[in-house]
There are 2 protein chains.
Amino acid sequence: MARHRDYSKIEQIFESTLKLVLEKGFAGLKMAEVAKESNLATGTVYIYFKDKDDLINQLYLFLKRRKTILFLQGIDQKEEFDLVLKKIWFAYFEVTMQHVNESAFLEQYYRSPFLKSNVKEESKQILKPIYDLLGRGVVEGKLQTVNVEILLSQMVGPIHEIIRAYHDGAIEINAETMNQLYLLVMKGIKL
Amino acid sequence: MARHRDYSKIEQIFESTLKLVLEKGFAGLKMAEVAKESNLATGTVYIYFKDKDDLINQLYLFLKRRKTILFLQGIDQKEEFDLVLKKIWFAYFEVTMQHVNESAFLEQYYRSPFLKSNVKEESKQILKPIYDLLGRGVVEGKLQTVNVEILLSQMVGPIHEIIRAYHDGAIEINAETMNQLYLLVMKGIKL
DNA sequence: AAAATTAATGAACAATTATTCAATCATCCA
DNA sequence: TGGATGATTGAATAATTGTTCATTAATTTT
């Protein structure tokens with residue numbers, strides 16, 4: 001053609017970049033390698049992204065949005081409290097689990113020379129639904145009356161931790177594991 | 001003198017390196033900046049460390065050892081179970097809290113081209129005392145009978161999470177905060 | 001206090017890696 | 001089909017950053 005911009009190429013570059021960052025960290029990321037991993041010439045990467053900085057920032061936003069959308073779908077705060085709480089806890093577990101790789105990227109991005117100040121605030125948005133729900137739980141007298149941040153820590157902290165253990169090969173994660181952890185967590189925060 | 005090697009200089013370099021990594025991540029760490037931050041000429045850094053790789057690995061070991069020693073002191077597994085559990089939980093909280101900066105460094109090191117395979121195993125050692133204690137708790141019938149990894153996640157996950165919230169400026173951490181979280185966590189895992 | 005020894009300096013050099021762009025290729029359309 | 005348009009290439013270049021080492025400074029020894 002003079003074919004239109006091929007967006008699958010952008011996604012290919014994203015995928016390669018993510019893979020390389022996970023393997024070697026930000027410090028080891030080289031544009032030439034990104035190109036090679038994407039089966040492209042180095043110059044081609046610069047057609048789709050202004051420079052390395054741009055590539056990394058675009059990738060961050062791409063991953064962040066994808067994760068947020070995925071998490072929010074299927075959550076309906078109108079339903080009965082205990083049910084919503086359960087759904088949201090498992091949804092967070094599953095999304096986090098399926099996107100651990102990305103999480104590692106996001107973590108590193110957070111402490112890097114690339115971080116743009118405006119994204120910091122946006123980052124918290126993904127937790128907003130949980131935040132709101134916990135507030136509601138306190139008001140409705142269904143949860144311990146402590147600071148919502150404390151409840152949140154108890155909700156998601158163990159999830160992060162068990163997924164880490166999983167990646168260190170210390171534990172299997174299956175329906176039973178998840179349920180057991182869920183019960184412990186709920187036992188802690190419910191009134 | 002021909003004075004003996006000045007170890008305060010090594011510590012100065014460590015401190016500068018840590019500071020710079022926390023500010024800009026591994027990707028942004030420059031030997032020239034390390035030197036400048038330490039009020040030394042670039043060449044001087046190479047007197048004390050073979051190269052950049054060496055500097056980073058030495059720093060990792062230095063921080064890891066310091067943290068481990070600090071955590072282990074004052075823990076005596078011979079005492080009564082509930083007391084040890086409480087002491088160890090607060091000790092872990094305090095050490096983690098006081099060394100968040102270092103933790104951020106250690107995390108980044110963990111996913112970087114610098115990671116030496118042998119340190120991976122050593123890394124888990126710091127959690128060993130907690131691990132052992134939880135095992136004992138299950139045996140003595142004082143804790144929920146689930147996989148120790150699950151108990152561990154519930155123990156330390158919320159700690160990591162609340163400290164993160166603290167660093168995002170979302171919450172104060174004081175004796176009350178800590179106690180409230182402690183109670184939630186224990187409510188969850190105790191029988 | 002001069003000679004000897006060790007530490008420190010920082011500009012010069014080497015190595016690595018980001019970026020550009022003239023040349024080539026692929027596709028479209030008249 | 002041939003010229004026009006836009007995409008792709010990758011070697012050449014620019015920029016950055018790690019490392020060295022001849023020189024200078026500091027300290028110790030005799």
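A, B, ... follow the sequence lines: proteins, then strands. Residue 1 opens every chain.
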- Between D:dA7 (C1') and A:Ile13 (CD1): distance, integer Å: 13 Å
- Message: Quick check for you: among D:dG18, D:dT19, C:dT9, whose closest atom lies nearest to any side-chain atom of B:Lys30?
- Response: D:dG18
- Task: Check the angle between the aromatic planes of B:Phe93 and B:Trp89 and answer parallel, tilted or perpendicular using the 30° and 60° thresholds.
- Result: perpendicular
- Query: OP1 or OP2 of D:dA7 sitting under 4.0 Å from any side-chain N/O of A:Lys9?
  - Reply: no
- Rounded to whole Å, the CD-C1' distance (B:Gln12 to C:dA8) equals 15 Å
- Message: Can you tell me which residue among A:Lys67, A:Arg66, A:Lys19 is in a salt bridge (Lys or Arg N to Asp or Glu O under 4.0 Å) with A:Glu102?
- Response: A:Arg66
- Item | D:dT8 OP1/OP2 closer than 4.0 Å to side-chain N/O of A:Tyr48 | yes
- Query: Can you check the B:Met31 CE to C:dT9 P distance for me, whole Å?
  - Reply: 14 Å
- Query: In whole angstroms, how far is the C1' atom of C:dT19 from the CD atom of A:Glu33?
  - Reply: 16 Å
- Does B:Phe81 share a hydrophobic cluster with B:Leu152, counting links as ILVMFWY side-chain heavy atoms below 4.5 Å and allowing steps through other members? yes
- Message: Looking at A:Lys52, I'd like to know whether one of its side-chain N or O atoms comes within less than 4.0 Å of OP1 or OP2 on C:dT17.
- Response: no
- Task: Considering only NZ, NE, NH1 and NH2 on the basic side and carboxylate oxygens on the acidic side, decide whether A:Lys86 and A:Asp82 come within less than 4.0 Å.
- Result: no
- Interatomic distance where CZ belongs to B:Phe49 and P belongs to C:dA8 [whole Å]: 13 Å
I'd like a list of close polar pairs between nucleotides 13-15 of chain C and the protein, N/O only, cut-off under 3.5 Å.
none

- Taken to the nearest whole Å, CG/B:Leu29 to P/D:dG18 is 7 Å
- Going by atom types only, do A:Gln12 and A:Ser16 share a side-chain donor-acceptor pair under 3.5 Å? yes
- Message: For a 4.5 angstrom cut-off between non-hydrogen side-chain atoms, does B:His160 reach B:Tyr92?
- Response: yes
- Message: Do the side chains of A:Asp76 and A:Lys87 get close enough for a salt bridge, i.e. N-O under 4.0 angstrom?
- Response: no
- Contact check, residues 34-42 of chain B vs DNA chain C, heavy-atom distance under 4.0 Å, returns B:Leu40, B:Ala41, B:Thr42
- Query: Which one, D:dG18, D:dT8, C:dA7, comes nearest to the side chain of A:Ile47?
  - Reply: D:dT8
- Do you reckon A:Leu183 sits in the same ILVMFWY cluster as A:Val185, going by side-chain contacts under 4.5 Å, direct or chained? yes
- Message: How many whole angstroms separate atom OH of B:Tyr46 from atom C1' of D:dT19?
- Response: 5 Å
- Message: Rounded to whole Å, how long is the line connecting atom CG of B:Asp53 with atom P of C:dT16?
- Response: 14 Å
- Query: Heavy-atom distance under 4.5 Å between the side chains of B:Met155 and A:Glu161, does that happen here?
  - Reply: no
- Query: NA contact type, A:Leu55, heavy-atom cut-off 4.0 Å: base, sugar-phosphate, or nothing?
  - Reply: nothing
